[in-house]
Amino acid sequence: MEVIFSINAKPYQINSKSVPVDTSLNTFIRNHAHLSGTKFMCLEGGCGACVVNLSGVHPVSGEIFSYAVNSCLFPVLACHGMDITTVEGIGDKQRGYHATQKLLAHFNGTQCGYCSPGMVMNMYSLLEAKKGKLRGKNLLTNETIQGALKTLASELNPDWVLPDAAPEYRKNLALSLFYKFVLNIAPELKASVKKQFKSGGSVLERPLSSGTQSFDTVKENWPLTKNIPKIEGLLQTSGEAKYANDLPAFPNELYASFVLGTESQAKIVNIDASEALKLPGVVAFYSAKDIPGANNFMYFKGFMGTHDEEIFCSEKVLYHGHPIGLIVAETFNVANRASKLVKVQYEKTSAVRYPTVKDVLRAKATERMHEMPYSTLGEEYEAAPEGPIKVKGTFEIGGQYHYTMETQTCVCIPIEDGMDVYSATQWIDFTQIAISKMLKVPENSLNLYVRRLGGGYGSKGTRATLVACATALAAYKTQRPVRLVMTLEANMEAIGKRYGVVANYEVDVEKDGKITKLFNEYVHDFGSCLNESMGHCAEFFRNCYDNKAWKTVAKAAVTDSASNTWCRAPGTTEGIAMVETIMEHVAHATGLDALDVRMANMPKDLKMHELMPEFRADVNYDTRKKEIAKFNADNRWRKRGIAITPMRYPLGYFGTIHALVSIYHTDGSVVITHGGIEMGQGMNTKAVQVAAYVLGIPMEKISIKPSANMTSPNAICTGGSMTSETVAFAVKKACEILLERMKPIREEMKDASWETIVENSYYKNVDLCATYMYKASDLQAYIIWGLTCTEVEIDVLTGNVQLRRVDILEDTGESLSPGIDVGQVEGAFIMGVGYYLTEALIYDPHTGALLSNRTWTYKPPGAKDIPIDFRVRFLQNSSNATGVLRSKATGEPAMNMTISVLCALRNAVLAARTDAGLPNEWVPLGAPSTPDQVYLSAGNSVEQYLLN
């Protein structure tokens, strides 16, 4: 039978002989129709990157249909008679862009841009979708409700299969939902419901979102400080922007897939790949013994840590998911299928598994604990007096997966004098070194290119090098192009994450909230290796407060999970979260407002001492706090909370980065390439703005080319919030060099056009190519100030949380590109929302396997987790004399301020506990405070589920 359909109006005719029966629509679109705008990531319909539109006529009803589908799940052989529209089909730069593409791009709705085509196609399809409603009715009284609840409770005995939430929560949630249903229908049936109970009958209703952004712009410096869309924005929303896996298939190309360990802390006895190698299409299996050089991907010992980390495990598997080898095959599907057929025999051990730092501490496994060299001792600590109030507590925050829509990816192509490497890496130099040492080839035989990343957040700093090394080995051995695109599950299991931390603190406090003495011992979860220090946590724990009478003890735990790696705002997030939690606890113990406690512990000469009272007034904190108290009194099953947290963010510089600027003499157009990695932060846009400003030409005359190891050798990792600035600085200096070279011609031809000056410079043999290397000593460190006010509402009957309003004030100096910086602030904050509210890493306690390893079990924040009212304001009349063109960084700081969400949430939970009749005790919420944790903390009792 022939299956006939169209893609973007182009007809296709296939059958089960021409296309394998298990081919998804996504595979056909990318590999047969060769349309790379439609992406893939999770391959299970959870991420939305693969969304396309299907339309046609229903074969039975005759109705016309049009809807969005996840192309990764839809079989291409099920498309008979359908018209398929991909992102390329609705608009591009030649035919013009569709309104949805323009909307997302022009409002800076893209970050890395990898999933933007999926978002566009979802919106496009939604415009044509139909909607429907369902209703149910019932009538109960207090007595029958309680009777039904008791019966239901006796019948519900849920099991517990991880990663499901605890049975206690799931059982009580069922009871709560039944009660919520009763409250919902009671008014319709004229049943009497107590006023305070009524709001429990509905779900958290979300009105239309709104947002405001307030910032300065200096018109005389435009295009600097001008709010402009990201230069790649439309290319991202139209699918024209290319990522590593969008490279066309090469002749004789192979696909690779890791073989991952299924035990932890177990010695490898034997590896048998024979079954995998029998599978048609499998070409080879490689393991540690096949590596010609160093089996290690970690270098820069003084900076990154002293320990080697193996590319392929050679003897002892350290964690479940540890890469053991690599399958190479003719297709992506065959490679991944074969990787599961490799049999690994282990020497069984009875050792207890410790997947997280909590497990280490719970078991008192002291052999896993290590003292770290960044503990601190304030000069007044030893002699500090005890206070009349003592506060003791524990604060626990877990890890976080770097949820990049582009998983770890690399393509390697052997060439005549070495190898071309297209790695999705944040650190080209690091990747080049590791491949060179692994293959025992000179570094100059490796050509590395990065156009852009589909997200990074730190996961593609050192960890991308592991993936690049494995890919390069396979390409070297087979002498064929090799492509390695990790599945989401493999990516989550094999690659490290944000460092979890457990802190135990003791604080002496005066009745006015002034801390007289503070001790905090915290233990970071390093995973299987002690690389990548968390030393900056110590500085950030101080935040905005007087720490002369403070002592901190820093420790590390080695756990049975992938070696953790820096994640957006590493160490800084934990440092500020710990101290702000302590301030909240002190406020609870003293009965004072948390802002007053903060002010009592803040040096008066600190900038924050001036900013916080102003911000408190600007967001109407005190008025809203009273309104929230009234709301909480009027609503038993809805509670609100509000909190403000401050941030002091010292930003420093490190490493070197080149920028190369070339001018073409015929039309005066300019190209720039630099050593930074564009991954959604708008670095390229800022570079163009700076060059246009310095050279005095329109931005349209400037183009950014991919980053490469030849034009920017030895470049430091893109990270630490500083790279947009350092690239802008290097571009500025290179442009100034060019202007200086052209100065005689410019003075001679004062009224001539840019193009004429360039042409004459060429005729006079002026070098129109300049490079500059930024180095850390070029720039001075500075402080970024920030404040956040968060107001939340919780549904006490379900534990669901809604962010009603968020106000962020951040000091960005003179923002180089306000729209982009707003996007960075908002994006960092929302990443923090996921960290504190939704993203839970759950491990099997017996094997150490990560169980929340896919979109159905690991939940990053979605569109409805964004604050209903989101207000971002940059500090007015701010300038940074030591910064690049008076600007400040924005990539990571707002992540640190998301602790305000947890503080506000705790206040809402405390209000619920008061109504539940529980004592006014401190609630030690941590990360993630998922709905089950919120529900259980609220102290609900089924006996209180009444109508009146």
Side-chain angles (χ1 to χ4, degrees), residues 162-163 165-166 169 353-365 368-369 372 391-401 496-507 518-527 534 537 540-541 552-561 564 567 569-586 588 643 645 799 801 832-843 845 850 852 858 895-896 898-906 909-910 921-938:
L162 291 173
Y169 168 67
R353 304 295 185 260
Y354 305 117
T356 71
V357 62
K358 293 181 188 178
D359 300 309
V360 171
L361 294 173
R362 192 180 299 121
K364 298 180 179 178
R368 295 293 190 96
M369 302 284 286
M372 301 308 284
V391 176
K392 296 176 92 172
T394 298
F395 179 58
E396 299 178 355
I397 47 178
Q400 182 182 30
Y401 172 60
K497 301 157 190 73
R498 182 185 295 279
Y499 295 59
V501 72
V502 175
N504 289 287
Y505 54 86
E506 296 182 18
V507 188
L518 182 152
F519 174 81
N520 181 40
E521 179 178 287
Y522 58 95
V523 186
H524 267 112
D525 186 337
F526 271 69
M534 287 286 106
C537 184
F540 280 78
F541 178 72
T552 66
V553 174
K555 294 184 178 180
V558 174
T559 56
D560 301 332
S561 59
N564 285 323
C567 181
T572 67
T573 296
E574 303 92 88
I576 289 179
M578 287 188 291
V579 74
E580 292 307 317
T581 298
I582 291 172
M583 292 297 164
E584 292 281 325
H585 198 167
V586 169
H588 182 268
T645 54
V801 180
V833 169
Y835 181 51
Y836 285 109
L837 296 184
T838 67
E839 300 179 43
L841 295 168
I842 300 168
Y843 295 87
L850 178 65
S852 52
Y858 187 85
M895 174 80 196
N896 296 296
T898 319
I899 185 61
S900 64
V901 172
L902 201 61
C903 298
L905 176 60
R906 185 183 292 106
V909 168
L910 286 168
E921 296 174 344
W922 172 252
V923 178
L925 293 180
S929 287
T930 47
D932 54 319
Q933 300 298 315
V934 174
Y935 177 92
L936 295 172
S937 298

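Evaluation of the side chain to side chain donor-acceptor pair (under 3.5 Å) rule for Y858 yields E839 as partners, not counting sequence neighbours. Judged as a side-chain contact (heavy atoms from CB on, under 4.5 Å), and not counting sequence neighbours, the contacts of A569 are T572, T573, E892, M895, N896. Qualifying side-chain contact (heavy atoms from CB on, under 4.5 Å) partners for E506, counting only residues two or more places apart in sequence or in other chains: K392. Partners of Q933 under the side-chain contact (heavy atoms from CB on, under 4.5 Å) rule, at least two apart in sequence or in another chain, are T930. Y169 meets the ring-ring contact (aromatic ring centres under 6.0 Å, His included) test with Y935; sequence neighbours excluded. Shown here are the side chain to side chain donor-acceptor pair (under 3.5 Å) partners of T356, two or more places apart in sequence or in another chain: D359. In this structure Y354 satisfies the ring-ring contact (aromatic ring centres under 6.0 Å, His included) test with no other residue, sequence neighbours excluded. Annotation: ring-ring contact (aromatic ring centres under 6.0 Å, His included) contacts of Y843 (sequence neighbours excluded): none. Scored by the side chain to side chain donor-acceptor pair (under 3.5 Å) test, N520 finds no partners at all (sequence neighbours excluded). Residues forming a side-chain contact (heavy atoms from CB on, under 4.5 Å) with T645 (at least two apart in sequence, or on another chain): E580, R598, T788, I899, S900, C903. For the side chain to side chain donor-acceptor pair (under 3.5 Å) test, no residue two or more places apart in sequence or in another chain qualifies with T898. In this view, K555 and E371, E521 satisfy the salt bridge (charged side-chain N to carboxylate O under 4.0 Å, His left out) rule, not counting sequence neighbours.
Taking OH of Y522 as the start and OG1 of T552 as the end, the distance is 5.0 Å to the nearest 0.5 Å. In this structure, OG1 on T581 lies 6.5 Å from OH on Y505, to the nearest 0.5 angstrom. The structure places CZ of R906 at 3.5 Å from CH2 of W922, a figure rounded to the nearest 0.5 Å. Atom-to-atom distance recorded for Y836:OH and L925:CG is 12.0 Å, nearest 0.5 angstrom. Between atom CG of residue L905 and atom OG of residue S929 there is a gap of 5.5 Å, rounded to the nearest 0.5 Å.
Taking the six-membered ring where the residue is Trp, H524 and Y499 present perpendicular rings, their angle passing 60° and hence far from 30°.
Counting heavy atoms from C-beta on, the side chains of P355 and L841 never come closer than 4.5 Å. Looking at I397 and M578, their side chains never come closer than 4.5 Å, going by heavy atoms from C-beta outward. You'll find the side chain of M534 stays beyond 4.5 Å of the side chain of M372, heavy atoms only.
Without hydrogens or angle criteria, R353 side chain to D560 main chain gives no donor-acceptor distance under 3.5 Å. Distance alone, capped at 3.5 Å, is enough to place a donor-acceptor pair between the D525 side chain and the V357 backbone.
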